[in-house]
4 protein chains.
Amino acid sequence: MNKVTNFTKRQKDIIDVSIKIIAKNGIQHLTIKNISKSLGISEPAIYRHFESKLDILLAILLDFKIKMQNSIDHIQALGKTSVEQIEVMFFSHFREFVNNPALAAVIFSEEIFQNDKRLARQVKSIMKLSQDFITSLIQEGQQTHMVRDDIPHEQLSLIILGALRLIVTRWRLSDTAFDLEKEGHNLWKSIKKLIYPVNSNIL
Amino acid sequence: MNKVTNFTKRQKDIIDVSIKIIAKNGIQHLTIKNISKSLGISEPAIYRHFESKLDILLAILLDFKIKMQNSIDHIQALGKTSVEQIEVMFFSHFREFVNNPALAAVIFSEEIFQNDKRLARQVKSIMKLSQDFITSLIQEGQQTHMVRDDIPHEQLSLIILGALRLIVTRWRLSDTAFDLEKEGHNLWKSIKKLIYPVNSNIL
Amino acid sequence: MNKVTNFTKRQKDIIDVSIKIIAKNGIQHLTIKNISKSLGISEPAIYRHFESKLDILLAILLDFKIKMQNSIDHIQALGKTSVEQIEVMFFSHFREFVNNPALAAVIFSEEIFQNDKRLARQVKSIMKLSQDFITSLIQEGQQTHMVRDDIPHEQLSLIILGALRLIVTRWRLSDTAFDLEKEGHNLWKSIKKLIYPVNSNIL
Amino acid sequence: MNKVTNFTKRQKDIIDVSIKIIAKNGIQHLTIKNISKSLGISEPAIYRHFESKLDILLAILLDFKIKMQNSIDHIQALGKTSVEQIEVMFFSHFREFVNNPALAAVIFSEEIFQNDKRLARQVKSIMKLSQDFITSLIQEGQQTHMVRDDIPHEQLSLIILGALRLIVTRWRLSDTAFDLEKEGHNLWKSIKKLIYPVNSNIL
DNA sequence: AATGAATGAGATTTCATTCAT
DNA sequence: TATGAATGAAATCTCATTCAT
């Protein structure tokens with residue numbers, strides 16, 4: 001059912017180590033030499049698997065995009081309420097980042113990919129994916145009176161995603177010094193309070 | 001009263017074009033050659049003003065840090081309530097970014113500066129500056145019952161700053177396609193609603 | 001009767017596409033990768049048919065040399081006068097180049113093959129072949145008083161071959177923009193006039 | 001009076017050694033490494049003087065083109081008859097090639113420059129220069145009855161230039177084994193005979 | 001204060017070729 | 001007969017930086 005990338009095993013290896021290199025030392029250290037060294041093969045060998053370095057970066061983004069789309073499809077299929085779906089998305093993001101901290105470093109760093117039009121386009125479409133998903137869930141929540149409707153859905157969505165991004169960024173810049181999943185759960189509890197319909201808070 | 005940088009005119013020029021280069025083409029295009037070309041001088045001339053490229057990056061951060069500190073000092077001196085102070089900070093940020101979009105591209109891109117410990121430390125201290133400022137204002141707001149106190153102040157601060165960051169990021173990735181000041185004002189109105197003490201919403 | 005090359009079908013394919021690649025993009029684009037891509041096979045597959053790239057270049061030259069030798073043998077067997085034989089050689093060259101323009105690009109480009117002694121030797125022997133053939137025909141023509149003998153046969157031969165080469169070169173550099181066979185015929189008419197015995201020399 | 005190239009001393013050095021490298025080992029040995037080694041400087045140093053390797057090749061052609069134009073201008077200013085002018089051009093070419101054999105290897109090797117459109121265009125314009133010059137001289141010679149007019153001037157010009165090119169090519173492929181100036185003079189004597197007006201044509 | 005010339009290190013990429021399958 | 005994976009060598013070019021002037 002899931003969309004599947006056509007990446008070969010070696011291509012996946014390259015994508016993985018590339019993400020790790022970027023996360024650890026920054027995009028400027030993502031060199032063919034460093035990739036090949038990490039994999040224990042020669043530099044030209046990389047070019048058997050990707051035509052150019054740009055293609056590696058595009059593959060990182062494409063891989064993430066497909067994963068995210070699958071995650072969204074999965075969540076939508078769970079038969080949960082809109083607010084519960086946001087919760088699932090929140091928590092699954094946190095879990096993924098804890099398991100693969102390097103991904104967090106790369107995926108919220110749109111700037112990394114700004115130096116090429118094709119990369120920038122892909123980054124934008126990834127951002128749009130999560131944005132549209134959350135926005136439509138909020139809208140649905142407002143229609144079912146599970147989310148306060150005195151604030152435009154786009155802004156609620158922006159606030160939620162902004163908080164998600166910033167907590168992940170802080171976690172990463174702190175060198176994963178705090179428990180992201182725990183803090184993330186607390187953050188979600190607060191967000192839930194914030195977005196609940198106003199009168200219900202009285203109860 | 002303000003802290004003042006000791007940067008010479010030429011140093012300021014270099015800082016400015018460096019920010020512009022990063023904003024336009026990414027950190028990888030920030031080369032001595034590109035800086036000197038933008039300024040119409042030779043490459044060695046740059047070294048009259050900065051000892052190394054790292055020093056230029058540090059200067060960018062230091063310059064921003066001092067500006068931000070001055071801005072905070074200024075806001076605190078206005079004699080406003082804590083919520084009003086957050087509002088002023090919000091709006092002055094937006095105005096600054098509209099006047100200097102390149103700055104927005106650089107200043108929320110912590111990843112750019114991750115490949116060196118000195119840079120990373122500076123980035124963290126800048127983040128801490130705004131975080132501490134907002135957090136203390138929220139805390140004060142809670143004590144004066146102008147801000148709801150059923151949500152920890154750190155989380156409210158995180159949500160506010162996260163929203164601020166994300167709207168600026170979107171504005172930048174959209175190539176400044178929407179009116180950041182207008183959308184920012186609307187966002188702030190929504191945030192104000194969210195953080196107001198719960199019962200007061202009934203009125 | 002003809003000498004026959006022992007080249008297999010695949011080897012001939014390789015020779016052909018190699019000539020085309022050189023003609024179209026220059027010797028620097030003649031790479032194993034480009035050859036194999038043109039043939040739709042893998043790079044190592046080339047090495048089933050030729051031991052090395054040098055061997056491919058040698059094969060191109062050898063193939064042409066044998067063709068030329070066969071052509072010379074054929075012309076000599078026609079039982080024509082010496083001037084008629086030159087004419088036949090002229091015209092058959094033009095026809096061959098029109099049918100296979102790539103060949104023209106390669107065969108008058110001795111420089112292409114200068115970077116290896118074995119190649120250079122082969123090139124020289126090919127040049128000698130046509131030179132000797134024409135020279136001996138001119139000499140024979142002079143002995144039978146069909147060609148003026150007030151000019152050394154080597155020089156007449158050089159002038160004839162030089163004209164042949166240059167018109168082909170111009171045709172090729174013009175991207176075959178003119179009708180080589182027609183212009184070639186006109187050129188031959190003029191050359192015939194030039195080399196006919198002249199009475200005026202008696203004066 | 002002469003057109004002058006704006007090449008710096010270093011640029012001229014680079015052009016010179018490049019021609020020598022091509023002449024000696026072929027275009028494929030013209031590498032930045034070989035150029036820099038010949039000059040005793042580092043590879044990056046080359047890029048102070050030319051933006052790219054292509055620019056070096058273009059400079060070689062431009063340099064030759066200007067020299068040739070100056071040579072043509074000079075010859076035309078001598079106040080000689082058209083046939084004498086061709087003679088001067090012939091001999092000065094031979095002298096130049098004897099003094100700088102490498103130039104001969106490069107300048108009649110149009111194929112070397114075929115892999116780039118800008119190079120190919122420049123090559124064509126150089127060929128046109130000499131072609132037009134000779135053709136107009138022949139035409140003038142025919143009008144003044146110093147050159148036979150029973151053969152179209154374009155063809156006489158082609159025959160003359162073809163002979164010039166081929167003798168130079170042979171001299172080069174023989175590793176300058178014969179005396180080009182002496183053989184060239186003999187060739188010219190023969191050509192002069194060939195192109196003189198013929199009484200026999202009257203018949 | 002500025003520059004022209006230079007360089008060691010290293011970037012991406014291509015080359016001909018090999019080898020296990 | 002063919003290929004996927006790999007490689008050492010080398011190509012072009014860029015980088016931050018230095019130094020004499």
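Treat the numbers as computed from the prediction; the structure is a model and nothing was measured. Per chain, numbering begins at 1; letters A, B, ... match sequence-line order.
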Under 4.5 Å between any side-chain heavy atoms of D:L173 and C:Q114, yes or no? yes

What I'd like to find out is whether the side chain of B:I41 reaches to under 4.5 Å of the side chain of B:R10, using heavy atoms alone. yes

Figure out the [atom1]/[atom2] separation between [X] and [N], and round it to whole Å.
X	N	atom1	atom2	value
D:I27	F:dA11	CD1	P	13 Å
C:I46	E:dT17	CD1	C1'	12 Å
A:I14	F:dG4	CD1	C1'	14 Å
C:K9	F:dT1	NZ	P	13 Å
D:E43	F:dT14	CD	C1'	12 Å
A:R48	E:dT14	CZ	C1'	11 Å
B:H29	F:dA16	NE2	C1'	17 Å
A:I41	F:dG8	CD1	P	12 Å

Check every strand shown and say whether D:S42 touches a base, only sugar-phosphate, or nothing at a heavy-atom separation below 4.0 Å. base

Using a cut-off of 4.0 Å on non-hydrogen atoms, how would the nucleic acid contact of D:L30 be classed: base, sugar-phosphate, or nothing?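 Result for D:L30 = sugar-phosphate.
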
Step by step, work out the side chain to side chain donor-acceptor pair (under 3.5 Å) result for A:K20 and A:S38. CA-CA 10 Å; A:K20 272 170 198 147; A:S38 295; over 6 Å; no

Taking 4.0 Å as the cut-off, does a side-chain nitrogen or oxygen of D:H49 come that near to OP1 or OP2 on E:dG4?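 For E:dG4, neither OP1 nor OP2 has a side-chain N or O of D:H49 closer than 4.0 Å.
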
Closer than 4.0 Å, any side-chain N/O of D:R10 to the OP1 or OP2 of E:dA6?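 For E:dA6, OP1/OP2 do have a side-chain N/O of D:R10 under 4.0 Å.
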
Pairing partner of E:dT12, by Watson-Crick or G-U wobble and under 3.5 Å for both distances, is F:dA11

Taking a pair as Watson-Crick or G-U wobble with both distances under 3.5 Å, which nucleotide is matched to E:dT21?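 Pair assignment: E:dT21 / F:dA2.
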
Between D:K12 and D:D16, does at least one N-O distance fall below 4.0 Å, as a salt bridge requires?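 No.
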
On DNA chain E, nearest-nucleotide positions of A:Y47 versus D:A45: which is more 5'?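 That would be D:A45.
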
Taking for each residue the nucleotide of DNA chain E bearing the nearest heavy atom, is the 5' side occupied by B:P44 or by C:Q28?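 The residue whose closest nucleotide sits nearer the 5' end is B:P44.
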
What residue among A:I14, A:I112, A:I15 forms side chain to side chain contact (heavy atoms under 4.5 Å, CB included) with A:I60?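 Per the side chain to side chain contact (heavy atoms under 4.5 Å, CB included) rule, the option paired with A:I60 is A:I15, out of A:I14, A:I112, A:I15.
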
Given DNA chain F, 5'-ward residue of the pair B:K53 and D:S52, judged by closest heavy atom: D:S52

